[in-house]
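Sequence lines set the chain letters: A, B, ... in the order given, protein chains first and strands last, and positions in each chain run from 1. As a basis for the values below, the full set of heavy atoms in this structure was taken, side chains included, without hydrogen atoms, waters or symmetry mates.
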Number of protein chains: 2
Amino acid sequence: MLKLTRKVEYALISLRHMQGKSTDSISSTKEIANHYNIPVEILAKTLQHMAKENIIEAINGPRGGYRIKAKLNKINLVEFFEKVEGPLGLSDCFYDANCMQIEFCNIRTPIQRINNNMINMFRSMSVQDITN
Amino acid sequence: MLKLTRKVEYALISLRHMQGKSTDSISSTKEIANHYNIPVEILAKTLQHMAKENIIEAINGPRGGYRIKAKLNKINLVEFFEKVEGPLGLSDCFYDANCMQIEFCNIRTPIQRINNNMINMFRSMSVQDITN
DNA sequence: TTATATCCGATAATTTTAGTCGGATATATT
DNA sequence: AATATATCCGACTAAAATTATCGGATATAA
Ligand code: SF4
Ligand code: SF4
């Protein structure tokens with residue numbers, strides 16, 4: 001319970017990998033996948049997704065790959081998680097109302113309070129706090 | 001991502017329900033399931049589990065049911081989550097080493113730091129902070 | 001022209017979470 | 001004693017979410 005997804009982990013591993021290299025150097029999917037033992041295809045998807053979100057930049061063709069595009073210290077972890085994985089919260093009802101209990105739920109308000117604490121904690125950290 | 005499970009929610013809903021009644025009054029599975037629109041069988045399992053963990057107490061027979069046994073303000077949310085749902089953490093590797101990336105992982109340490117923050121946040125709250 | 005890379009939709013497999021079933025035991029009420 | 005109502009509990013099934021794979025397209029450096 002309360003776990004990050006592999007996709008998020010793969011994204012962070014990749015960003016930290018790229019950040020450890022000189023600014024304009026390019027990392028290919030295969031290079032990262034091999035280095036960290038990540039399935040190539042799913043890593044490819046993750047990187048494509050991050051490129052679409054303008055976190056990284058894709059360079060096509062041979063000798064191509066990706067490099068960091070955004071300022072990682074300007075992206076907080078809530079933004080990052082939502083860009084990579086989608087909405088975020090302790091309970092469904094904070095972003096999607098399909099809950100059979102919602103009408104009579106007696107814990108929604110207290111859970112929401114805790115959810116806010118958690119969100120604030122993640123918002124107070126940037127991606128760079130992980131990749132550095 | 002980062003969601004509580006239904007089981008945890010059902011457990012909390014039940015505890016709050018029981019806490020809203022006079023100390024020795026008993027709540028049956030059916031009563032709670034009907035009141036909050038929760039599937040009876042799965043709620044039964046959840047309540048049995050909590051009884052085994054000594055959070056609540058089972059009374060058998062007709063007019064039976066459950067009542068609160070533990071001091072809810074003495075159980076912090078990490079204990080509670082782990083009793084109801086099992087181990088807890090942002091990444092598998094903090095309680096189970098079956099990760100293909102673990103040998104070369106470059107984010108384990110920073111994630112663990114954040115994990116500790118999260119755990120501490122939940123540990124600083126008691127079940128009663130939700131059920132009150 | 002060729003080889004290497006990203007791109008991208010569709011699909012499959014796996015794991016986790018959620019819910020169901022069947023039959024047992026305990027006990028208050030009649 | 002019989003009955004009805006409740007918990008107990010293991011095994012099972014279903015659904016959903018996550019994780020991984022496939023097939024074929026496009027871009028471009030050498
Ligand atoms: S309404 Fe209550 S039970 Fe439903 S998702 Fe929200 S907090 Fe959970
Ligand atoms: S080793 Fe790294 S990738 Fe594997 S679970 Fe831990 S943090 Fe995640």
K.L.:
Nearest whole angstrom, please: distance from the P of D:dA17 to the CZ of B:Arg6.
P.N.:
11 Å

K.L.:
Report the C-alpha separation of B:Gln19 and B:Gln128 in whole Å, then their side-chain angles, then the decisive distance to 0.1 Å, and conclude whether the side-chain contact (heavy atoms from CB on, under 4.5 Å) test is met.
P.N.:
CA-CA 9 Å; B:Gln19 197 167 52; B:Gln128 199 162 60; 3.0 Å; yes

K.L.:
Measure from CD on B:Glu41 to P on C:dG19 and round the result to the nearest Å.
P.N.:
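For the pair B:Glu41 CD and C:dG19 P, the rounded distance is 12 Å.
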
K.L.:
How close or far is atom P of C:dG19 from atom CD of B:Glu9, stated in whole angstroms?
P.N.:
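Atom-to-atom, B:Glu9 to C:dG19, this comes out as 11 Å.
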
K.L.:
Pick the closest DNA chain D nucleotide for A:Arg63 and for A:Lys3 by heavy atoms, then say which residue is nearer the 5' end.
P.N.:
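Of the two residues, A:Lys3 wins.
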
K.L.:
Go through C:dA5, C:dA18, C:dT27 for me and flag the one nearest to the A:Ser28 side chain.
P.N.:
C:dA5

K.L.:
Please lay out, stage by stage, how A:Arg108 and A:Gln101 fare under the test side chain to side chain donor-acceptor pair (under 3.5 Å).
P.N.:
CA-CA 10 Å; A:Arg108 195 172 177 213; A:Gln101 286 75 43; over 6 Å; no

K.L.:
Between A:Leu47 and B:Leu4, just flag the one whose closest nucleotide in DNA chain C comes earlier from the 5' side.
P.N.:
A:Leu47

K.L.:
What's the verdict on side-chain contact (heavy atoms from CB on, under 4.5 Å) for B:Ile119 and B:Phe94, showing C-alpha distance, side-chain angles and the deciding distance?
P.N.:
CA-CA 12 Å; B:Ile119 297 275; B:Phe94 302 141; over 6 Å; no

K.L.:
Between atom CG of A:Asn54 and atom NZ of A:Lys69, what is the distance when rounded to the nearest 0.5 Å?
P.N.:
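The CG atom of A:Asn54 sits 4.0 Å away from the NZ atom of A:Lys69.
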
K.L.:
Does a nitrogen or oxygen in the side chain of A:Tyr10 sit under 4.0 Å from OP1 or OP2 of D:dT19?
P.N.:
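No, because none of the side-chain N or O atoms of A:Tyr10 sits under 4.0 Å from OP1 or OP2 of D:dT19.
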
K.L.:
Roughly how many Å is it from CD in B:Glu53 to P in D:dC9, rounded to a whole number?
P.N.:
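Atom-to-atom, B:Glu53 to D:dC9, this comes out as 13 Å.
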
K.L.:
Would you mind reading off the distance between A:Tyr36 atom OH and D:dA20 atom P, rounded to a whole angstrom?
P.N.:
17 Å

K.L.:
Counting only distance, no hydrogens or angles, is the base of C:dT6 paired donor-acceptor with the side chain of A:Lys45 under 3.5 Å?
P.N.:
no

K.L.:
Expressed in angstrom and rounded to an integer, what is the separation of A:Ile26 atom CD1 from D:dT28 atom P?
P.N.:
12 Å

K.L.:
I need the CD-C1' distance between A:Glu57 and C:dA5, as an integer number of Å.
P.N.:
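Spelled out: CD on A:Glu57 to C1' on C:dA5 is 15 Å.
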
K.L.:
Is any side-chain nitrogen or oxygen of A:Thr29 closer than 4.0 Å to OP1 or OP2 of C:dT6?
P.N.:
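Yes, because at least one side-chain N or O of A:Thr29 sits under 4.0 Å from OP1 or OP2 of C:dT6.
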
K.L.:
For A:Lys30, I'd like to know if atom NZ has over 12 heavy atoms of other residues, nucleotides or ligands within 6.0 Å.
P.N.:
no

K.L.:
Check every strand shown and say whether B:Lys52 touches a base, only sugar-phosphate, or nothing at a heavy-atom separation below 4.0 Å.
P.N.:
sugar-phosphate

K.L.:
Taking for each residue the nucleotide of DNA chain C with the nearest heavy atom, is it B:Pro62 or A:Ile59 whose nucleotide lies nearer the 5' end?
P.N.:
A:Ile59

K.L.:
Identify which nucleotide among C:dT17, C:dT20, D:dA27 has an atom closest to any side-chain atom of A:Asn60, counting heavy atoms from C-beta outward.
P.N.:
D:dA27

K.L.:
Could you tell me the separation between the CE atom of A:Met1 and the P atom of D:dT18, rounded to a whole number of Å?
P.N.:
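Taking atom P of D:dT18 as the reference, CE of A:Met1 is at 15 Å.
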
K.L.:
Do the side-chain N or O atoms of A:Lys30 get closer than 4.0 angstrom to the phosphate oxygens (OP1, OP2) of C:dA5?
P.N.:
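Indeed, a polar side-chain atom of A:Lys30 lies that close.
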
